[in-house]
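Throughout, a chain's letter reflects where its sequence line sits, starting with A, and its residues are numbered from 1.
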There are 2 protein chains.
Amino acid sequence: MDTSEHTRHQDRPGDGPVTENAPPRPRDAQGTRARILHAAGAVFAERGYEAATVREIAGRAEVNQALIFRYFGSKQALLTEVMAQGGKEQLINTPAERLFETALRGVLTKGGKPGTDRLLAVYLRSIGSADAAPETVRALGEEYAAALAALSSADDSTLRAQLAMAWLLGIGLMRVVVGQEPLASAEPDEICGHVLTALEGLLSEDGRE
Amino acid sequence: MDTSEHTRHQDRPGDGPVTENAPPRPRDAQGTRARILHAAGAVFAERGYEAATVREIAGRAEVNQALIFRYFGSKQALLTEVMAQGGKEQLINTPAERLFETALRGVLTKGGKPGTDRLLAVYLRSIGSADAAPETVRALGEEYAAALAALSSADDSTLRAQLAMAWLLGIGLMRVVVGQEPLASAEPDEICGHVLTALEGLLSEDGRE
DNA sequence: CCCTTATGTAAGCATGCGCTTACAATGCTA
DNA sequence: TAGCATTGTAAGCGCATGCTTACATAAGGG
């Protein structure tokens with residue numbers, strides 16, 4: 001399946017005189033690790049966990065395939081590492097009452113910070129297949145929900161917070177993975193307005209079910 | 001990976017005297033097709049498209065693997081067929097103003113009709129990998145959204161309807177795939193109450209942004 | 001300078017996958 | 001009963017995958 005452009009650009013080991021165009025890159029373990037992580041994030045986001053291949057990640061990072069296993073051990077562990085990077089920063093640096101809007105805008109903004117929506121894409125595209133993905137999503141989601149839950153004094157505040165998180169994920173799914181129009185191209189402000197208005201009662205009100 | 005119980009029960013072609021325990025099942029193309037479809041639905045829902053194997057589907061349906069390709073042509077086509085079955089019935093048989101609640105309850109009810117939440121699981125678990133899945137989800141979602149959009153006279157009524165659909169999908173994702181607590185075990189009535197209350201303005205109000 | 005360690009490389013192993021093929025059994029029709 | 005299309009079966013082909021191994025090359029301390 002999809003036997004098209006796979007052997008696009010490996011590395012060039014003995015491709016010619018390595019004089020000016022590509023100096024034989026100094027050995028740099030950290031740099032290599034970082035390039036692998038970056039490439040892995042991109043490929044996982046585009047293809048999903050199962051469809052992404054170690055060979056493509058290695059190719060895009062311009063790195064020998066074996067190094068991926070030397071540095072990360074397995075494809076699964078690589079996915080976990082990708083998901084772990086930059087997961088909780090937002091959670092820590094944002095006050096609770098602005099947390100939901102910040103996260104929502106992170107989902108809605110496409111080209112903002114390159115890591116944000118891509119990480120979400122990795123989550124969403126890998127949920128169905130990898131064993132590690134649901135675990136990671138659940139763990140992260142629980143922390144978000146716990147922070148959100150503190151805003152409401154209702155006795156089921158955690159449930160309310162998780163419902164909000166579910167909406168966030170669903171919107172991301174529709175935009176990033178499914179690409180449903182007009183949702184996918186709608187203005188962040190417009191969506192934000194609708195969602196925040198609708199959720200106002202859910203998150204801030206006291207428990208008056 | 002996971003080399004555990006795979007060769008569980010093939011068929012027994014010459015396993016011994018076929019006398020009473022397993023009569024050599026009369027030839028029945030329709031029945032075989034149906035058994036394959038049923039098994040495929042289960043396996044796709046549990047494993048996701050990529051991780052599901054034709055061999056496991058055949059094994060669970062107690063059917064020779066080659067028959068799957070005779071009847072459906074390819075694994076992709078089988079997935080499409082699984083998704084196509086029972087997709088739009090609800091859409092046709094439900095009046096628009098009760099459509100969302102009905103669909104939501106379909107998502108929330110676990111053991112109700114065995115096909116409902118399983119179909120959603122197939123959708124969600126296969127979205128990331130299969131090419132056909134996002135297409136199908138988008139098409140179905142657009143029909144739902146169009147029906148819902150008729151309820152609101154706002155100029156962005158389609159967007160509002162899709163936001164509602166996104167919430168529905170997100171809740172399903174959290175419950176069926178991720179299994180986040182307490183959402184996963186919460187009472188349908190409670191979730192329904194929260195969601196419908198929050199969406200009241202979004203879906204019925206006139207456009208007063 | 002050599003020797004050890006860290007880094008990078010080439011080649012391939014073992015396996016499970018989707019799918020095909022060649023063939024046997026069954027039932028229908030003439 | 002003979003002929004034929006339909007249904008079921010056994011075996012395996014070709015291939016891409018995750019991962020491993022055996023080996024080159026660079027850096028750095030003695």
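- In this structure, of C/dG8, C/dG12, C/dC19, it is C/dC19 that holds the atom nearest to the side chain of B/Gln65.
- Place B/Ala66 and A/Val54 on DNA chain D by their nearest nucleotides, and B/Ala66 ends up nearer the 5' end.
- Atom P of nucleotide D/dG18 and atom CZ of A/Phe72 are separated by 15 Å, given to the nearest angstrom.
- Atoms CG (B/Asp28) and P (D/dT7) sit 9 Å apart, rounded to a whole Å.
- Whole-Å rounding puts the A/Leu67 CG to D/dA24 C1' distance at 13 Å.
- Here the P atom of nucleotide C/dA6 and the CD atom of A/Gln30 are 15 Å apart, to the nearest Å.
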Collect all protein-nucleotide pairs involving nucleotides 26-30 of chain D in which both atoms are nitrogen or oxygen and the distance is under 3.5 Å.
none

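- Residues forming a side-chain hydrogen bond (donor to acceptor under 3.5 Å, both in side chains) with A/Gln180 (at least two apart in sequence, or on another chain): none.
- Within the structure, every pair that satisfies the side-chain hydrogen bond (donor to acceptor under 3.5 Å, both in side chains) test and touches residues 96-106 of chain A, not counting sequence neighbours, is listed here: A/Glu101-A/Arg105, A/Arg105-A/Asp189.
- The distance between atom CZ of A/Phe44 and atom P of D/dG18, rounded to the nearest whole Å, is 9 Å.
- Between A/Thr32 and C/dG8 there is a side-chain polar atom (N or O) within less than 4.0 angstrom of OP1 or OP2.
- Between the C1' atom of D/dC19 and the CZ atom of A/Phe69 lies a distance of 5 Å, rounded to the nearest Å.
- Distance A/Arg33 CZ to C/dA6 C1': 15 Å, rounded to the nearest Å.
- A/Val82 has its side chain out of reach of A/Phe72: every pair of non-hydrogen atoms, C-beta onward, lies at least 4.5 Å apart.
- Remark: C1' of D/dT9 and CD1 of B/Ile68 are 14 Å apart, rounded to the nearest angstrom.
- In terms of heavy-atom proximity, B/Asn64 sits nearest to B/Ala58 at C-CB, 4.3 Å.
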Quick one: side chains of residues 169-178 of chain B, donor-acceptor pairs under 3.5 Å with protein atoms, not counting sequence neighbours, listed by atom name and distance.
residue  : atom : partner  : partner atom : Å
B/Arg175 : NH1  : B/Leu183 : O            : 3.0
B/Arg175 : NH1  : B/Ala186 : O            : 3.3
B/Arg175 : NH2  : B/Leu108 : O            : 3.1

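- Taking B/Glu181 as the reference, B/Ser185 meet the side-chain hydrogen bond (donor to acceptor under 3.5 Å, both in side chains) condition, with sequence neighbours excluded.
- The side chain of A/Tyr71 contributes no N or O atom lying less than 4.0 Å from OP1 or OP2 of C/dT7.
- Every residue meeting the ring-ring contact (aromatic ring centres under 6.0 Å, His included) condition with B/Tyr49, not counting sequence neighbours, appears here in chain and number order: B/Phe44.
- The CG atom of A/Leu79 sits 8.5 Å away from the NZ atom of A/Lys75 when rounded to the nearest 0.5 Å.
- Looking at the side chain of B/Thr53, the nearest of the listed nucleotides D/dT7, C/dT21, C/dG18 is C/dG18.
- Side-chain atoms of B/Arg55 and base atoms of C/dG16 include no donor and acceptor less than 3.5 Å apart.
- Taken residue by residue, residues 73-81 of chain A places heavy atoms nearer than 4.0 Å to DNA chain D at A/Ser74, A/Lys75.
- Judged as a side-chain hydrogen bond (donor to acceptor under 3.5 Å, both in side chains), and not counting sequence neighbours, B/Arg70 has no contacts.
- A/Gln76 meets the side-chain hydrogen bond (donor to acceptor under 3.5 Å, both in side chains) test with no other residue; sequence neighbours excluded.
- Using a 4.0 Å heavy-atom distance criterion, B/Ala52 is classed as a sugar-phosphate-only contact.
- Closest to the side chain of B/Arg70, out of D/dC19, C/dG8, D/dT7, is D/dT7.
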